[in-house]
Amino acid sequence: MNRSLNTETTKQIGKEVRINGWVHARRNMGKIVFLDMRDMSSLIQVVVVPGELDEASKGIVDEIRPEFVLEITGVVQERGEKQKNPDLATGNVEILAKTIQIQGRSETPPFEIDKDSMSVNEDLRLKYRYLDLRTERMTKNIRNRDKVVKWFRNYLGDHGFVEIETPLLTVSSPEGARDYIVPSRLNLGKFYALPQAPQQYKQLLMVAGYERYFQMARCMRDEDTRGDRQPEFTQFDMEMSFMSQEDILQLTEEMFTKMVRELYPEKKIKTPWPRLSYAEAMKKYGSDKPDLREDKEDPNELAFAWIVDFPLFTKNKETGQIEPMHHMFTMPNEADLDKLDSAPLEIGGQLFDMVCNGYELSSGSIRINDSELQTKILNLIGIEGEEMKTKFGHMLEAFKYGAPPHGGIAPGIDRLMMILENEPSIREVMAFPKNSEGIEPMTGAPAELSAEQLSEVHIEVKKSK
Ligand code: ASP
C-alpha cells in the first residue's frame, strides 16, 4: 500500500490507507486510545480500538509514547458532525487503526513538542534543535522561510537574473567586521577568509557581463556578540548593470510588495514606500532606521521605507580617520566629485538603506566602476600602496577592462523572516543558529582541534591570551 500524507486521507474516506509519522499526543479513553499523528503535512487523529487490531499490533499499543515513529494502516472514517474540528486540516476525518508498527522509539523529550517552546531554556532548545524544529511554530517559520526564498528565486529568474555561487574560501572583503579565517594546509602560513558578503565577486560578475546576478548568500562576520547578531546569516544578494539607483529601488520595492501581498495577504503594506533623506531621518526620528508604523501594536502592519541621500563618508570618532558610510565601493554623487580633495565629508553618495518596522533590512548602492576613482577613494580612507595592491588590485585591474555601471542591494533574509513571522529574534527563523555566545550547543562548535590537525595547518595555540 502506498503511503498517504495525513492531509491526503481527507479525500480517501471509506478507503484503507497507510500513514507514517510521529505520535504528537496520546490520549487514553478506557480501552480506546486516541493518537494524534504528525507528519510533514498536518496532524491527524487515529482511533485505536483493540478489537479492530491484528494480533501483532494489539501487543504494542501500551508501549507507544509521544514522539514514537509509527506506521499505521487503517480505514478513513468521516467524523460525526459534532466531532469535526474546523481548526485542523484533517478535522473532518479520523483513521480507525488496523495495524500498527513501531518504526522508531523515542525517549521522553527534554521539553514538550506539542507546546510552544518559546518559554523553554534556549540552550536546551538549541542542544535538541531537531526536536525544537518539530514544534508547530518552528515548523511554520522554517517552511514559510522556504516559501519566501522560493518566491524570490522565481521572481528574479523571471526577470533575467542568474543565480551564481561565489566562493566561501576567499580573501578578506571588508564590510566593517572581522573576518573568520581558515588556515591553508597547502600554503604554509596563509589563510583564507570567509566572506562577510560576496561584494567583490558580484561586482566582478558585472564586469564579466552577466548583468543581473543574485544569490542566497551566506555571510560570515566575526563580531562581538551583541543582542540579535549571528556569526553567519543569509543575504538575498543582488547586483545589476546599467540600472540607476532609481531602477534598483523600484525593482526591489515592487518585488517585496508583491511577495508580501501574495504570501502574507493579512499584512498591511503601504505603497509607494516613503523615502527619507538620511538627514531628515536623523533629525525627525534620531535614527537612520525609523519605525514608521502607525500602530506599533498591530502585528500585521509593515512599514517599509527607503533612506536615501547619505553622505559618502563619516569620520571615525576615535581615530579621526575618514571611513566609508557603507563600503569603499560606493559611487560618489557626480556633482560632488570636485570635493574629493577639499571637503570629502561633504560628498554625497549613491547609497541607500531599506528599513522596515525599525530594522535595517539592507543597504545598497551604485558602485564605482572606474579604476582611477576607486584608487582615489581607497587612498582617502587610508588604503594605499602595497596594501591597496594586495587587497584590491584585482578590482582595480578589472575596472580597466570594460566595467559597466552597476549597483546592487542585499536584504537580510533572517531579519525579513523575523519581521514577517512576528518573532522577537532571528534565531527563531533560522534552522540551526548559534546561541548569544556564538556557540552551537548541539554540535559543540566551535571546538578544539587535535594536535595532529593543528600541526597539519601549521598552527600552534597559545594556551593563555
Ligand atoms: N554587500 C553589502 C552589505 O553586505 C550590500 C550591498 O551593498 O550590496 O552590506
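Atoms within each ligand, like the ligands themselves, are counted from 1 in listed order.
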- Short side-chain to backbone donor-acceptor contact, Ser365 and Arg367, under 3.5 Å: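 No, because the side chain of Ser365 does not come within donor-acceptor range (under 3.5 Å) of the backbone of Arg367.
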From [X] atom [atom1] to [Y] atom [atom2], the distance as rounded to the nearest 0.5 Å:
X	Y	atom1	atom2	result
Arg105	Leu70	CZ	CG	10.0 Å
Trp273	Ile269	CH2	CD1	6.0 Å
Leu194	Asp222	CG	CG	10.0 Å

Quick one: which ligand 1 atoms are inside 4.0 Å of a heavy atom on [X]?
X	value
Ala197	1 (N), 4 (O)
Lys202	6 (C), 8 (O)
Ser363	5 (C), 6 (C), 9 (O)

- Quick one: does ligand 1 sit under 4.0 Å from the side chain of Gln235, the backbone, both or neither, non-hydrogen atoms only?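 Contact part for Gln235 vs ligand 1: side chain (C-beta onward).
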- Query: How does His327 reach ligand 1, if at all, at less than 4.0 Å between non-hydrogen atoms: by side chain, backbone, both, or neither?
  - Reply: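 His327 to ligand 1: side-chain contact only, backbone stays beyond 4.0 Å.
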Using distance alone, determine whether [X] and ligand 1 share an N or O pair under 3.5 Å.
X	value
Ser365	no
Glu239	no
Asp237	no

- Task: Can you establish whether the number of heavy atoms outside Phe111 located under 6.0 Å from its atom CZ is more than 12?
- Result: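 Enclosed.
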- Query: For Arg185, does the CZ atom have more than 12 heavy-atom neighbours from other residues, nucleotides or ligands under 6.0 Å away?
  - Reply: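 No, the 6.0 Å shell around CZ holds no more than 12 heavy atoms from other groups.
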- Contact with ligand 1 for Arg367, non-hydrogen, under 4.0 angstrom: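 Within the 4.0 Å threshold, so yes.
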- Query: Going by heavy atoms, is Arg221 under 4.0 Å from ligand 1?
  - Reply: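 Checking ligand 1 against Arg221, which is what was asked, there is a heavy-atom contact under 4.0 Å.
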- Worked verdict on Arg38 versus Glu67 for side chain to side chain contact (heavy atoms under 4.5 Å, CB included): CA-CA 9 Å; Arg38 185 181 70 237; Glu67 300 312 314; 2.7 Å; yes
- Task: Any chance you could lay out the side-chain hydrogen bond (donor to acceptor under 3.5 Å, both in side chains) test for Thr443 and Glu440, step after step, and finish with the verdict?
- Result: CA-CA 6 Å; Thr443 59; Glu440 194 190 55; 2.3 Å; yes
- Task: Name the option, out of Gln199, Gln200, Glu360, that contains the heavy atom nearest to atom 2 (C) of ligand 1.
- Result: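 Nearest heavy atom to atom 2 (C) of ligand 1 lies in Gln199.
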